Amino acid sequence: MTLEFNSSQQIVFVLHGLNVTQTNKHIYFTFTLILYIVTIFVNLILIVTIFLEKMLHEPMYLFLCNLCINGIYGASAFYPKILYDLLFDSHVITYPGCMTQILVIYSFAFCEFTSLTVMAYDRYVAICKPLQYHSIMTTRKVWTLLLLTWLFSWLESSIGMGLTARLPLCGLDIDKLYCSNWAVVKLSCVDTTLNNLYGLIATFSHISQMILILISYVNIIKASLRSRAERKKFMQTCLPHLITLTNFTISLTFDVMFARYGSNTSLLALRNIMAVEFLVVPPLVNPIIYGMKLTRIRNRVGQMFKLKVNRHWTEDMRPMGKCRSEGN
């Protein structure tokens with residue numbers, strides 16, 4: 001007989017992704033904590049740099065700032081829970097907690113992809129229509145695109161979560177490090193055709209975004225071949241975007257395909273890597289890639305750290321100078 005759980009009961013899911021010994025647990029905790037701190041740090045550096053430097057208040061840098069904010073948002077949906085599980089040997093999550101994690105992780109993924117689509121459009125206008133760039137990419141239009149990016153992502157993930165929340169469940173075991181929509185849907189006792197249909201619609205919408213990005217880059221590459229200056233602009237501003245887009249798309253595709261079609265008998269380590277790659281790698285790597293490739297950001301960050309080091313050095317030298325003068 002199958003036991004059915006409904007929303008009136010206090011449902012607690014059991015996460016089966018972690019399988020570490022007491023000795024290795026502290027090593028994994030330390031490594032994960034360092035990853036989280038570094039991810040927050042590198043994203044905050046870019047956000048603060050862009051906000052403090054007026055010369056960087058341009059559409060491309062504002063979209064990049066939004067990408068970094070989303071990176072912190074997505075990382076914070078995953079790292080605190082996994083750190084808690086490692087520290088206190090807890091492998092459970094409440095139903096509301098699970099639904100919240102699903103909402104935040106999926107809205108992060110949708111926002112990331114939509115942001116990359118908007119950034120591709122911005123680069124298309126900048127390179128293919130340089131004389132019209134400032135008339136097309138006005139401040140009002142930039143903020144509208146940013147607002148719509150977040151609204152679209154939240155709406156898309158909220159509908160998906162709502163469709164999942166209505167399902168009665170016949171199990172509480174999630175074979176993953178965190179809560180995912182498909183993992184909860186698989187526990188349902190009833191037909192999930194509506195959930196599958198919505199998943200196809202969401203997939204089609206993001207494939208459409210991918211097609212728009214490809215069309216943009218076909219035109220960008222054609223325009224870049226006209227002169228050396230355009231090729232230089234492509235290498236500086238478009239190449240980081242292409243690397244970021246490829247990295248995120250591959251990571252997310254691996255997770256989706258492995259979650260739906262992967263075998264439960266496969267190696268646990270492999271399953272975990274596939275599941276967390278899109279939550280760990282893009283938020284950490286994106287600001288580093290952009291920080292190294294975009295000259296303005298690289299120079300400004302270098303100036304900030306150089307100024308800070310010089311200040312500390314000056315403050316440290318003052319007492320020494322004072323002591324010498326008193327000794328004389």
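Not measured: the values here are computed from a predicted model. Nothing fancy with the numbering, it's 1 onward along the sequence.
Side chain to side chain, His206 and Glu156 meet the donor-acceptor criterion of an N or O pair below 3.5 Å. Side-chain polar atoms of Ser76 and Tyr36 form a donor-acceptor pair below 3.5 angstrom. Side-chain atoms of Tyr217 and His241 include a donor-acceptor pair closer than 3.5 Å.
Remark: side-chain polar atoms of Thr164 are paired, donor with acceptor, to backbone N or O of Gly160 under 3.5 angstrom. Here the side chain of Tyr178 pairs a donor or acceptor atom with the backbone of Ala275 at under 3.5 angstrom. Using modelled atom types, one side-chain atom of Ser107 and one backbone atom of Val104 make a donor-acceptor pair closer than 3.5 Å. Here the side chain of Gln101 pairs a donor or acceptor atom with the backbone of Cys179 at under 3.5 angstrom. One N or O on the side chain of Arg166 and one on the backbone of Leu163 form a donor-acceptor pair closer than 3.5 Å. Between the side chain of His16 and the main chain of Asp173, no donor-acceptor pair closer than 3.5 Å is present. The backbone N or O of Leu62 sits nowhere less than 3.5 Å from a side-chain atom of Asn66 that would complete a donor-acceptor pair. A donor-acceptor pair under 3.5 Å links the side-chain atoms of Thr94 to the main chain of Gly97, judged by distance alone. Side-chain atoms of Tyr95 do not come within 3.5 Å of backbone N or O of Phe13 as any donor-acceptor pair. Although no hydrogens or angles enter the test, the distance criterion places a donor-acceptor pair under 3.5 Å between the side chain of Asn286 and the main chain of Pro282.
Here the side chains of Arg123 and Ile220 are in contact, with some heavy-atom distance below 4.5 Å. Using a 4.5 Å cut-off on side-chain heavy atoms (C-beta onward), Leu147 and Trp143 make no contact. Between Tyr61 and Met55 there is no side-chain heavy-atom pair separated by less than 4.5 Å. Asn195 is listed as a side-chain neighbour of Leu167, based on a closest heavy-atom distance under 4.5 Å. Side-chain contact between Ser180 and Ile174 is absent, with no heavy atoms from C-beta onward closer than 4.5 Å. Looking at Ser115 and Phe63, their side chains never come closer than 4.5 Å, going by heavy atoms from C-beta outward. Under the 4.5 Å side-chain criterion, counting only non-hydrogen atoms from C-beta, Tyr290 is in contact with Leu67.
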Side chain to side chain contact (heavy atoms under 4.5 Å, CB included) assessment of Leu177 paired with Ile82: CA-CA 7 Å; Leu177 288 168; Ile82 193 71; 3.8 Å; yes
Derivation of the side chain to side chain contact (heavy atoms under 4.5 Å, CB included) call for Trp182 and Asn196: CA-CA 9 Å; Trp182 182 246; Asn196 293 330; 3.2 Å; yes
Steps toward side chain to side chain contact (heavy atoms under 4.5 Å, CB included) verdict (Ser153, Tyr106): CA-CA 8 Å; Ser153 304; Tyr106 277 75; over 6 Å; no
Trace of the side chain to side chain contact (heavy atoms under 4.5 Å, CB included) decision for Leu187 with Leu172: CA-CA 7 Å; Leu187 299 176; Leu172 300 175; 5.8 Å; no
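Between Tyr73 and Trp150, the ring planes lie perpendicular to each other; the angle is over 60°, past the 30° to 60° tilted range. Using cut-offs of 30° and 60° for the angle between ring planes, the Phe278 and Phe108 rings count as parallel.
Crowding of His57 atom NE2: a count of heavy atoms from other residues, nucleotides or ligands under 6.0 Å exceeding 12.
Across all their heavy atoms, Val184 and Leu169 have their closest contact at O-CD2, 3.8 Å. Contact detail for Ala223 and Cys128: the closest heavy-atom pair is CB-SG, 4.0 Å. Considering every non-hydrogen atom in both Leu103 and Ser157, the closest pair reads CD1-OG, 3.6 Å. A pairwise comparison of heavy atoms in Lys81 and Val92 identifies NZ-O, 2.6 Å as the closest pair. Between Met137 and Asp122 the shortest heavy-atom distance is CE-OD1, 3.7 Å. Residue Ala75 comes nearest to Thr39 through the heavy atom pair CB-CG2, 4.1 Å, listed as atom of the first residue, atom of the second, then distance.
Partner of Glu277 under the side-chain contact (heavy atoms from CB on, under 4.5 Å) criterion, out of Val280, Val281, Leu279: Val281 alone.
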